Amino acid sequence: QVQVVESGGGLVQPGGSLRLSCVASGSGFSINSMGWYRQAPGKQRELVASMSAAAGTSYADSVKGRFTISRDNAKNTAYLQMNSLKPEDTAIYYCYANVLLTAYGRSYSDWGQGTQVTVSA
């Protein structure tokens with residue numbers, strides 16, 4: 001069983017910064033990829049950033065140059081550094097971890113509960 005927990009959301013003024021953290025915990029797994037989606041009110045969930053050994057990093061066009069995803073593999077933790085935040089970045093941010101269950105040889109994605117990011121003056 002794998003658990004994914006995000007933290008670090010909050011209220012920030014336009015132009016400010018926030019760093020989100022996401023920890024995947026449990027046993028008997030390895031991580032294929034980790035990333036972040038977000039969902040604003042009335043909008044579909046969209047991929048913000050992802051990171052894997054196989055595919056590297058990728059970002060939504062709307063956040064390129066402002067957001068940076070990174071990982072601490074030893075801690076099974078991913079970070080999303082968000083700079084130059086805009087009101088349109090306001091959303092619930094969800095972390096996912098795509099993991100390989102080593103005992104079963106199968107992969108699946110687990111999701112965190114989401115963390116609210118609000119960008120407002």
Side-chain angles (χ1 to χ4, degrees):
Q1 187 76 14
V2 178
Q3 276 195 318
V4 176
V5 178
E6 310 104 331
S7 61
L11 173 64
V12 64
Q13 292 187 339
S17 298
L18 280 175
R19 189 176 82 153
L20 306 183
S21 299
C22 173
V23 180
S25 62
S27 62
F29 72 97
S30 61
I31 294 176
N32 295 319
S33 64
M34 294 184 78
W36 299 88
Y37 279 73
R38 68 185 180 187
Q39 187 164 21
K43 294 189 176 181
Q44 289 188 331
R45 189 176 293 193
E46 63 170 347
L47 177 64
V48 176
S50 65
M51 187 173 196
S52 70
T57 58
S58 65
Y59 297 93
D61 287 342
S62 58
V63 307
K64 282 180 182 177
R66 300 188 298 122
F67 290 12
T68 303
I69 187 171
S70 61
R71 273 175 59 182
D72 184 333
N73 292 327
K75 297 181 179 179
N76 288 334
T77 300
Y79 304 97
L80 186 67
Q81 178 66 43
M82 304 185 295
N83 298 329
S84 302
L85 282 161
K86 305 175 181 180
E88 51 263 43
D89 294 317
T90 296
I92 299 175
Y93 284 69
Y94 297 91
C95 176
Y96 76 90
N98 184 269
V99 303
L100 171 67
L101 299 177
T102 52
Y104 303 98
R106 68 176 181 89
S107 296
Y108 78 103
S109 290
D110 211 338
W111 292 81
Q113 78 287 355
T115 186
Q116 177 70 47
V117 172
T118 302
V119 185
S120 175

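Just so you know, residue 1 is the first one in the sequence shown, and it goes up from there. Source: prediction; values computed, not measured.
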If you look only at pairs with a residue in residues 66-107, which of them pass as a disulfide bond (SG atoms under 2.5 Å apart), with sequence neighbours excluded? Cys22-Cys95
How long is the straight-line distance from [atom2] of [Y] back to [atom1] of [X], given to the nearest 0.5 Å?
X: Ser50; Y: Ile69; atom1: OG; atom2: CD1; value: 6.0 Å
X: Gln3; Y: Asn76; atom1: CD; atom2: CG; value: 13.0 Å
X: Leu80; Y: Thr68; atom1: CG; atom2: OG1; value: 8.0 Å
X: Arg38; Y: Glu88; atom1: CZ; atom2: CD; value: 8.5 Å
X: Tyr59; Y: Leu47; atom1: OH; atom2: CG; value: 11.0 Å

Is a side-chain N or O of Thr90 found less than 3.5 angstrom from the main chain of Val119, in a donor-acceptor match? yes
Glu6 side chain vs Gly114 backbone, donor-acceptor pair below 3.5 Å: yes
Would you call the rings of Trp111 and Tyr94 parallel, tilted or perpendicular if under 30° counts as parallel and over 60° as perpendicular? perpendicular
Answer whether the closest heavy-atom distance between the side chains of Ser120 and Pro87 falls below 4.5 Å. no
Please tell me if the side chains of Asp110 and Tyr96 come closer than 4.5 Å, counting only heavy atoms from C-beta onward. no
Inspect the surroundings of CD in Gln44 and state if more than 12 heavy atoms from other residues, nucleotides or ligands are less than 6.0 Å away. no
So does Gln39 have more than 12 non-hydrogen atoms from other groups sitting under 6.0 Å from CD? yes
Could you walk me through whether Ser17 and Gln81 pass side chain to side chain contact (heavy atoms under 4.5 Å, CB included), step by step? CA-CA 7 Å; Ser17 298; Gln81 178 66 43; 4.0 Å; yes
Does the side chain to side chain contact (heavy atoms under 4.5 Å, CB included) test come out yes or no for Val48 and Tyr93, once each step is laid out? CA-CA 9 Å; Val48 176; Tyr93 284 69; 4.2 Å; yes
Are Tyr79 and Val4 connected in the hydrophobic side-chain network, where two residues link if heavy atoms are under 4.5 Å apart? no
Which side-chain N or O atoms in residues 27-36 pair as donor and acceptor under 3.5 Å with protein atoms at least two apart or in another chain?
| residue | atom | partner | partner atom | Å |
| --- | --- | --- | --- | --- |
| Asn32 | ND2 | Asn98 | OD1 | 2.8 |
| Asn32 | ND2 | Ser107 | OG | 3.0 |

Please name the residue in the list Asn83, Asp89, Leu20 that meets the side-chain contact (heavy atoms from CB on, under 4.5 Å) test with Phe67. Asp89
Start with the C-alpha distance between Lys86 and Arg66, add both sets of side-chain angles, then the distance that settles side chain to side chain contact (heavy atoms under 4.5 Å, CB included), and finish with yes or no. CA-CA 10 Å; Lys86 305 175 181 180; Arg66 300 188 298 122; 3.8 Å; yes
Counterpart residues, salt bridge (charged side-chain N to carboxylate O under 4.0 Å, His left out), relative to Lys64 (two or more places apart): Asp61
Ignoring hydrogens and geometry beyond distance, is a side-chain donor-acceptor pair present between Arg45 and Tyr37 at under 3.5 Å? no
Looking only at heavy atoms, which two atoms of Leu18 and Gly8 are closest? And how far apart? CD2-O, 3.9 Å
Let's go through Thr77 and Arg71 carefully: what are the C-alpha distance in whole Å and the side-chain angles of both, what is the deciding distance for side chain to side chain contact (heavy atoms under 4.5 Å, CB included) to 0.1 Å, and is it a yes or a no? CA-CA 6 Å; Thr77 300; Arg71 273 175 59 182; over 6 Å; no
